[in-house]
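Whatever order the structure lists ligands and atoms in, that order sets their numbers, starting from 1. In this chain, numbering begins with 1 at the start of the sequence shown. Any value given below was found using the heavy atoms of this structure, including those in side chains, with hydrogens, waters and symmetry copies removed.
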Amino acid sequence: MPALISSRFLLFGGSLPFQKLTRVSRKTWFHSSVSARHQVDRDSGPLTLASLGIKSKLETTEPRETNRVKRLNSHTEVPKDRKTVRSNVVKSAGMPKKLEIEAAPFAAESFSELGLPPTLIERLENEGFTTPTDVQSAAIPVILKSQDVVIQSYTGSGKTLAYLLPILAEVGPLKKRNASGGNGESGKKTDVEAVIVAPSRELGMQIVREVEKILGPTYKKAVQQLVGGANRSRQEEALKKNKPVIVVGTPGRIAEISASGKLHTHECRYLVLDEVDELLSFNFREDMHRILEHVGRRSGADPKNPLAKRVERQTILVSATVPFSVIRAARSWGHDPLLVQAKKVVPLESISQAGPISPSKTTTSSSSSSNLQGQPAVESLPPALKHFHCVTRLQHKVDTLRRCVHALDAKSVIAFMNHTRQLKDAVYKLEARGMKAAELHGDLGKLARSTTLTKFKRGEVRVLVTNELSARGLDVAECDLVVNLDLPTDSTHYAHRAGRTGRLGRPGTVVSLCEEPEVFVVKKLQKQLGIPIPACEFVEGKLTVTEEEKTAKPLNS
Ligand SMILES: Nc1ncnc2c1ncn2[C@@H]1O[C@H](COP(=O)(O)OP(=O)(O)OP(=O)(O)O)[C@@H](O)[C@H]1O
């Protein structure tokens, strides 16, 4: 019924101010715990009033005031001098054709414009973060208004802080209501308040370091890592002793500790799935199911259904590549979720399967690749990246890589291969030619993995030879060249691999090495991604473009 009213009310939709859009009237979302199914098919449901921030006169019954609704109502207003943007709700009798209600969020010039508390801004300044990126400008105010979101923007555009900052504004020692500098613990509280899930240990640890950086040395125990491969009892002890407000971990370890009763998440306010399209893959299915069933779900007081549980958490899904499976999941798990990109915020209901946010056209059953029928997704890749391919014989690939590194005078290189067992051989060949190299893959122990990564970040290793493990999220600012020794399996994998270079507007080059019969794959990637990937050669220590390509010019010439 409310949905019906909502769609009818779209008739009265006009230009909405941004604040209206985000002042959401929420309803508690009930699910049966008996069915153990959190999936509610709302794909075809119309846009609701709540998602537009319009309070319907026809909504006579007040929604039950859950804690989350209270929070929504008690939110600090965004400063009045903040620039507002116009919204366009197309007047229509049914579902509007275009529901782009937020055409262009402003690019803020400072974090203080975004409604973050002064203590947090001070910490950001101490760490050298002064200007928000576009995606941060768009996401922070929306998340601060308790909106469920999917954040999509290209690799290296600052998505991590885009979700961390609004969370830190609300929970932990730097939060708004605790701006005097207390430790932010209520005393009684045992539940964590934010759970952040990442698909690899490396990414999990990287996020932990980012949170610690913002919290500063005094408060760094407010975050706890729960990644696999590390000592579990030590993690459990730390949970008990430090009572962290934020935990960051891999699905398996979080689910394991949660199942053992040592991680209390029912009161949790935020659930973040970083690299969500990867987390939706079959491998993580059971663990993700447990996480989604427990984080922020409390036994409800619905007299008609005593076993029902309320979902009170705010769900934040993040990736550079957002296939339609993610859109579907977000609609199921969240309440009127919004898609937040660097330059626009739109209701997810407005995204159709022919939308422009995914790079791949694959239709396999893997959720990470069951994508939208695709328009090119240049938004997944940093705009300044240069892409080339070089045809070479299989046995000459490593030598071509070496010549490529010299030709571009690259200082920090990530070389991707598809099979773990081939990494060692490539490292051996590079080292034999005097190029410092190391392998990184999931079969190595946690210590070996972190030692290698540290050496690479310090510049002690020039070429990191790795597999898909390092394709997602890895943030090494200095990485100036990515080489595909083997072609990636699809454009999604290409985008994440390529995104290891050219982070945050830095220059970067991606070179894919392939054999003659594989050139058609490059052409396909080029088409799907909407970028030129011209052929090149390495002649006399220089990269020379050999294919006529107006947009690409020879480098180093
Ligand atoms: N506002 C900012 N000012 C300066 N540096 C920033 C800012 N925001 C983020 N960064 C830095 O930019 C780098 C890239 O950010 P981040 O890893 O969050 O990108 P991402 O969009 O999540 O990339 P990916 O999709 O590859 O995971 C990090 O080193 C981060 O510390």
(request) Verify whether one side chain among Tyr163 and Asp274 offers a donor that lies under 3.5 Å from an acceptor in the other. (result)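 Tyr163 vs Asp274: donor-acceptor pair found between side chains.
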
(request) Let me know which protein residues bring a heavy atom to under 4.0 Å of ligand 1; chain then number is fine for ordering. (result)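 Lining ligand 1: Phe111, Phe129, Thr131, Pro132, Thr133, Gln136, Tyr154, Thr155, Gly156, Ser157, Gly158, Lys159, Thr160, Leu161, Glu210, Glu275, Gly473, Asp475, Arg500, Arg503, Leu504.
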
(message) Listing request: all salt bridge (charged side-chain N to carboxylate O under 4.0 Å, His left out) pairs with a residue in residues 492-508, at least two apart in sequence or in separate chains.
(response)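 As it turns out, the salt bridge (charged side-chain N to carboxylate O under 4.0 Å, His left out) pairs with a partner in residues 492-508, which skip direct neighbours, are Glu468-Arg497, Asp475-Arg503.
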
Residues [X] and [Y] bridged, charged N to O under 4.0 Å:
X	Y	answer
Arg285	Asp287	no
Lys436	Glu460	no
Lys176	Glu170	yes
Glu127	Arg123	yes

